[in-house]
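Okay, so here's the structure we're looking at.
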Amino acid sequence: MKHLRVVCIFLSVFSAGLLAQNNFTVGTTTAQPGQKATGFLEVPAGVDAATSIPVAIIHGAKPGPVLALVSGAHGTEYASIIALEKVIQSLDPAHISGTVVVLPLVNIASFEQKVPHVNPADGKSMNRFYPGKPDGTQTERASYLITKQVVERCDYLVDYHGGDLDENLRPYAYWPKSGNPKQDATTREMVLAFGLDHIIVWSDRPKDPNASRYLDNTANTRGKPAIAVEAGYSGTVQPEDVALLVNGTLSLMRYLKMLPGVPAMVEHPVWFGKIDTVASEQPGIFYPLVQRGTYVEQGMKIGYVTDYFGKTIYEAHAPAAGVVLYICGVPSMKKGDTVANIGEITTTP
Ligand SMILES: [Zn+2]
């Protein structure tokens, strides 16, 4: 038995060594070991039009894990997209152990047409229809290909988001708590290594891999530790937001031993156990009264809505004490739209 195990370890090391010598292909992109290559994941036409999703592969000269980095499911969350553009340019395959697969802009139509939240081809959010369907609409076909070609072939995954055109957002990350102690320990370390100090503990995620909905959850339900991170707000590309995401990626790669050096772990994280969404009860013109990142007490007035003659018709109040993770950043308000998300602080999980 002991002898057998030694043989198995030898074989797995040997096969990892062999893998490192192999090319790595996603869609039209093939990278040789020690090489950086770019191409596209071609989503074929179906009930609606075809689309192409850019893919970069940085295939390290040394063996190691496969890390998938995905941004731009929401194509106007610009800071996260620009951050991954910088990551593609800055990573040198000669210094990397393992393979980095980067999808910097999943939702090109959203980006080009400046349409927030959804894919204008089918009106669907590109982070709600995983694991996707080969015969669905464009979002579902794209999600299916990403599941097959990226999620199923990676060892770890990060999904990048931020405040959309209408969201004034303070940077934060999600720790997806699945109930699997080993995987939860890994994702907890990953989220701390990434460096965003406000962290939402997200435990009520779908457990069924066939109904995973979100990209990070699609990876986690397939046994691939994954986290989601958010920085950037209201259509801006602030250097400090981009730096948070780029430096977080490099720190995570150090934690995963894909880059030399030690990760910069968050020392004093603020954990949120519950998120309260405040939705407007009236359509009209929204006026915020607090900024992103503000600590609010229960009942505090955080904004109001007027009709088109200036008369106040709705007041938004914080349902609980917590931190304003984002607040609507534009005057446009429909009934039922999100006014703010408030994170309720919890003890260290
Ligand atoms: Zn997003």
Side-chain angles (χ1 to χ4, degrees), residues 51 53-54 68-85 87 102-132 138-140 142-143 146-147 150-151 157-176 191 194 196 198-200 202 205-206 212-220 226-238 241-242 244-246 248-249 272 275 277 279 292-293 324-330 337-343:
T51 188
I53 297 171
L69 311 175
V70 181
S71 65
H74 305 127
T76 44
E77 295 174 353
Y78 296 120
S80 57
I81 297 160
I82 301 303
L84 284 195
E85 299 295 339
V87 166
V102 188
L103 272 56
L105 181 50
V106 168
N107 193 345
I108 282 198
S110 156
F111 176 86
E112 289 183 347
Q113 298 174 39
K114 307 181 192 77
V115 173
H117 306 298
V118 298
N119 176 359
D122 56 14
K124 290 175 179 166
S125 166
M126 293 195 83
N127 193 30
R128 293 293 184 282
F129 290 88
Y130 285 97
Q138 191 185 86
T139 292
E140 292 164 318
S143 302
I146 293 169
T147 301
V150 179
V151 176
L157 181 142
V158 183
D159 190 18
Y160 297 72
H161 290 263
D164 215 320
L165 290 180
D166 56 342
E167 294 168 344
N168 188 13
L169 178 142
R170 188 234 187 268
Y172 57 86
Y174 292 94
W175 175 41
V191 84
F194 199 93
L196 300 179
H198 281 40
I199 304 170
I200 297 170
W202 204 354
R205 313 296 300 275
S212 54
R213 297 180 63 206
Y214 305 85
L215 176 60
D216 63 326
N217 197 45
T218 302
N220 277 312
I227 59 169
V229 296
E230 306 229 13
Y233 61 94
S234 306
T236 62
V237 184
Q238 304 292 350
D241 287 326
V242 174
L244 277 175
L245 297 175
V246 172
T249 305
F272 300 101
I275 302 300
T277 297
R292 64 201 175 99
V324 176
L325 293 175
Y326 71 84
I327 185 158
C328 181
V330 294
D337 273 0
T338 299
V339 165
N341 261 10
I342 295 169

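Model, not experiment: these values are computed from the prediction. Ligands are counted one by one from 1 in listed order, and the atoms in each one are counted from 1 as well.
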Please name all residues satisfying ring-ring contact (aromatic ring centres under 6.0 Å, His included) with Y233, sequence neighbours left out, ordered by chain then number. none
Determine whether a donor-acceptor pair (N or O, by modelled atom type, separation under 3.5 Å) exists between the side chain of D166 and the backbone of V330. no
Check for me: within less than 2.8 Å of the Zn ion (ligand 1), which protein N/O/S atoms show up? H74 ND1, E77 OE1, E77 OE2, H161 ND1
Using atom types as modelled and distance alone, determine if a side-chain donor or acceptor of D122 lies under 3.5 Å from a backbone N or O of T139. yes
Holding to ring-ring contact (aromatic ring centres under 6.0 Å, His included), I want the full list of residues that pass it with H117, two or more places apart in sequence or in another chain. none
The criterion is side chain to side chain contact (heavy atoms under 4.5 Å, CB included); which residues satisfy it with S110, sequence neighbours excluded? T76, N107, P120
Do the side chain of N217 and the main chain of P206 share a donor and acceptor less than 3.5 angstrom apart? yes
